[in-house]
Engineer: 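I'd like to ask you about the structure that follows.
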Number of protein chains: 2
Amino acid sequence: MATPNADHIFAALADATRRDIVLRALAGREGVAELAGHYPMSFAAVQKHVAVLERAGLITKERSGRRKVVLTNIEGLNLARSLLDQYETLWRGRVERMTHLIASSEETDR
Amino acid sequence: MATPNADHIFAALADATRRDIVLRALAGREGVAELAGHYPMSFAAVQKHVAVLERAGLITKERSGRRKVVLTNIEGLNLARSLLDQYETLWRGRVERMTHLIASSEETDR
DNA sequence: ACGTGATACAACCGTATGGTTGTATCAATG
DNA sequence: CATTGATACAACCATACGGTTGTATCACGT
């Protein structure tokens, strides 16, 4: 699965085509060729996008006859989510701290 | 605030230095120079990172005397989070559908 | 075993990105 | 108003990225 770190994950998500592939691969029904059919670019270009997503750990490929079905790996997405959640949590902490500051200054003000 | 779309947001988050800036800017206490002090690169380089984050709508700058304090914009982060949440929701839907399929096939199997 | 469908990979091209140094703007202070 | 501190911006360089075409691999059907 290569080295799926935050850098790779966010970089992989920073492209509309790749985000759409992730979306379609949630269903886990299409091979690379079918996916390529949806986009106005060459088969090789789509294959490269798939490779980027694979390197980031956001998808896997599973052989099915002569095709390779592309599947979204929810674990990878969850890693990104948890990072953003962390920011959110810290943000809330900040807001609370600010609220406390305001509250205490209001106390001393009166 | 330029054009903060998903491409820009994820691209901005795909760099460890920039993610760290976002983290520090949650506190909203440091100017560009203070931020630059934390990283092993030139002031100008950090300034560019800040510009990328600003273009993505992830931070704003607020003048405070001769400094400009860097502040994280939680709205931008939430946009990214909501997108990932959407994937998560679709994933759950997929799993439920699979469960139904299994259930119905079990019915027809017996 | 051969031909074909599906995927992979390499070489190449233009542009974007991340870093550098140097110069310019802008705001507070003496 | 001249100086200094803090930020901004331009020019430049090396490397990465997104796309192309062409060739190679690999698995199935006949």
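Predicted model, so just to flag it, every value in this text is computed and none were measured. Quick note on labels: first sequence line is chain A, next is B, and so on, each numbered from 1.
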Engineer: With a 4.0 Å limit, can you tell me whether B:His49 has a side-chain N or O closer than that to the phosphate oxygens OP1/OP2 of C:dG19?
Structural biologist: yes
Engineer: Do the non-hydrogen side-chain atoms of B:Val46 and B:Met41 ever get within less than 4.5 Å of each other?
Structural biologist: yes
Engineer: With the threshold set at 4.0 Å, does a side-chain nitrogen-carboxylate oxygen contact exist between B:Glu34 and B:Arg67?
Structural biologist: yes
Engineer: May I ask you to list the residues of residues 30-43 of chain B, by number, that have any heavy atom positioned under 4.0 Å from an atom of DNA chain C?
Structural biologist: B:Met41, B:Ser42
Engineer: With rounding to the nearest 0.5 angstrom, report the CG to CG distance, B:Leu13 to B:Leu77.
Structural biologist: 6.5 Å
Engineer: Roughly how many Å is it from CD in A:Gln47 to P in C:dT7, rounded to a whole number?
Structural biologist: 8 Å
Engineer: With a 4.0 Å cutoff (strictly under), does any side-chain N or O of B:Lys48 reach OP1 or OP2 of D:dA8?
Structural biologist: no
Engineer: Within the structure shown, what part of the strands sits under 4.0 Å from B:Ala51 by heavy-atom distance: base, sugar-phosphate, or nothing?
Structural biologist: nothing
Engineer: Please identify which of these residues, A:Leu23, A:Ile74, A:Thr72, A:Val22, meets the side-chain contact (heavy atoms from CB on, under 4.5 Å) condition with B:Leu90.
Structural biologist: A:Leu23
Engineer: How long is the line joining CG of A:Asp15 and P of C:dT17, in whole Å?
Structural biologist: 12 Å
Engineer: I need the CG-P distance between A:Leu53 and D:dC17, as an integer number of Å.
Structural biologist: 13 Å
Engineer: Rounding to an integer number of Å, can you tell me how far B:Arg67 CZ sits from D:dA8 C1'?
Structural biologist: 17 Å
Engineer: How close do A:Ile9 and A:Ala56 get, counting heavy atoms only, and between which atoms?
Structural biologist: CG1-O, 3.4 Å
Engineer: So, is A:Arg18 close to the D:dG18 phosphate, meaning a side-chain N or O under 4.0 Å from OP1 or OP2?
Structural biologist: yes
Engineer: What's the separation between atom OH in A:Tyr39 and atom NE2 in A:His49, rounded to the nearest 0.5 Å?
Structural biologist: 9.5 Å
Engineer: OP1, OP2 of D:dA8 versus side-chain N and O of B:Lys68: anything below 4.0 Å?
Structural biologist: yes
Engineer: Which letter, B, S or -, goes with each nucleotide of nucleotides 25-30 of chain C from 5' to 3', with contact meaning a protein heavy atom under 4.0 Å?
Structural biologist: --SBS-
Engineer: Return the value, rounded to whole Å, for the distance between atom CZ of A:Arg55 and atom P of C:dA8.
Structural biologist: 16 Å
